[in-house]
Amino acid sequence: MPMRTLAKWQILMSEFDIIYVTHKAVKGQALVDHLAENPVDGEYQPLKTYFPDEEVLFVGEDITEAYDGWRMFFDGAANFKGVGIGAVLVSETDQYYPVSAKLKFPCTNNMEEYEACILGLRLAIDMNVQKLLVIGDSDLLVHQVLGEWDTKNTKILPYLYCVQELIKRFTKIEFKHVLRV
């Protein structure tokens with residue numbers, strides 16, 4: 001297909017805000033992405049999307065090892081509707097607890113990721129979760145929280161401090177980075 005034709009299709013399809021997701025998508029991450037892109041606000045309409053009660057499958061990234069606690073996926077998204085964040089808690093019995101919100105202030109992608117992570121951690125604390133595996137595609141957030149990377153951005157420091165305080169509320173917490181798909 002000529003490059004000219006591809007460019008035309010891209011222009012025509014851009015009005016629909018379509019995002020291509022490869023087959024390597026993590027199902028839990030796909031749910032979080034959906035929640036982040038469709039946050040609850042004053043114009044909330046119940047979701048008409050059906051999410052079958054399936055296990056979270058990890059394709060292409062081996063994080064299916066046994067874990068004796070809950071799992072949490074988080075993500076932020078920005079599009080023409082604004083900025084949304086979402087998280088999904090998955091219990092030991094594979095029950096899903098999604099949460100999403102719309103941010104009403106300008107922020108960077110990294111700030112979105114931290115906001116989403118904090119939202120999920122607060123939900124886990126409210127649900128009295130003690131052991132948690134936190135899974136996200138933000139390489140920066142995971143490495144900063146683990147203390148492997150320095151945080152030089154003064155706008156990110158309060159978020160990092162908040163996550164570090166929330167982490168203290170768990171008896172066991174781990175962070176796992178998955179590749180963005």
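Here the side chains of Val90 and Phe73 are in contact, with some heavy-atom distance below 4.5 Å. Taking the side chain as every heavy atom from C-beta outward, Leu133 and Lys176 approach each other to under 4.5 Å. Residues Cys117 and Met72 meet the side-chain proximity criterion, which asks for heavy atoms closer than 4.5 Å. For the pair Asn110 and Leu141, the minimum side-chain heavy-atom distance is 4.5 Å or more. Side chains of Pro158 and Tyr114 form no contact here, defined as non-hydrogen atoms less than 4.5 Å apart. A 4.5 Å side-chain heavy-atom check between Gln164 and Tyr159 finds every atom pair outside the cut-off. A heavy-atom distance below 4.5 Å is found between the side chains of Gln144 and Ile156. Between Leu166 and Ile173, the closest side-chain pair of non-hydrogen atoms is not below 4.5 Å.
Taking CD of Glu115 as the reference point, atom CD of Glu113 lies at 11.0 Å (rounded to 0.5 Å).
Residues His177 and Ser138 share a closest heavy-atom pair of CD2-C, 3.7 Å. Closest non-hydrogen pair, Lys155 versus Asn153, comes out as N-OD1, 2.8 Å. Between Ala116 and Gly76 the shortest heavy-atom distance is CB-N, 4.2 Å. Of all heavy-atom pairs between Gly120 and Ala87, the closest is CA-CB, 3.6 Å. Of all heavy-atom pairs between Gly69 and Glu92, the closest is O-CG, 3.5 Å.
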Assess whether side-chain contact (heavy atoms from CB on, under 4.5 Å) is satisfied between Leu157 and Lys152, documenting all intermediate values. CA-CA 8 Å; Leu157 281 173; Lys152 296 176 184 171; over 6 Å; no

Begin with the C-alpha distance, continue with both residues' side-chain angles, and end with the deciding distance and a verdict on side-chain contact (heavy atoms from CB on, under 4.5 Å) for Thr171 and Lys131. CA-CA 6 Å; Thr171 57; Lys131 297 178 182 178; 3.9 Å; yes

Determine, stepwise, if the pair Gln130 / Asn128 fulfils side-chain hydrogen bond (donor to acceptor under 3.5 Å, both in side chains). CA-CA 6 Å; Gln130 294 299 308; Asn128 203 28; 3.2 Å; yes

Show the numbers, then the answer: is there a side-chain contact (heavy atoms from CB on, under 4.5 Å) between Cys162 and Arg122? CA-CA 11 Å; Cys162 181; Arg122 286 184 173 154; 3.7 Å; yes

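In this structure a side-chain-to-backbone donor-acceptor pair under 3.5 Å is missing from Ser100 to Ile85.
Summarising the local packing, NZ of Lys172 is surrounded by more than 12 heavy atoms from other residues, nucleotides or ligands at distances under 6.0 Å.
Both Leu146 and Leu132 belong to a common hydrophobic cluster when Ile, Leu, Val, Met, Phe, Trp and Tyr are linked at side-chain heavy-atom distances under 4.5 angstrom. Cluster membership for Leu123 and Phe74, using ILVMFWY side-chain heavy atoms within less than 4.5 angstrom, is shared. Phe170 and Leu160 fall within the same hydrophobic cluster, where Ile, Leu, Val, Met, Phe, Trp and Tyr residues are linked whenever their side-chain heavy atoms come under 4.5 Å apart, directly or through other members. Residue Ile167 is grouped with residue Val142 when hydrophobic side chains (ILVMFWY) are merged at heavy-atom distances under 4.5 angstrom, including chains of intermediate members. Connection of Val134 to Met127 is established within a shared hydrophobic cluster, with ILVMFWY side chains joined at heavy-atom distances below 4.5 Å, either directly or through further cluster members.
Contacts of Tyr97 classified as ring pair (Phe, Tyr, Trp, His ring centres under 6.0 Å), with partners at least two apart in sequence or in another chain: Trp70. The side chain to side chain donor-acceptor pair (under 3.5 Å) check on Thr108 picks up nothing, with sequence neighbours excluded.
Classified by interplanar angle (parallel below 30°, tilted 30° to 60°, perpendicular above 60°), the ring pair His143/Trp149 is parallel.
Ion pairing between a basic and an acidic side chain is recognised when a charged N comes within 4.0 Å of a carboxylate O; Asp94 and Arg71 show such pairing.
A side chain to side chain contact (heavy atoms under 4.5 Å, CB included) with Val99 holds for exactly one of Val88, Asp126, Leu89, Leu119; it is Leu119.
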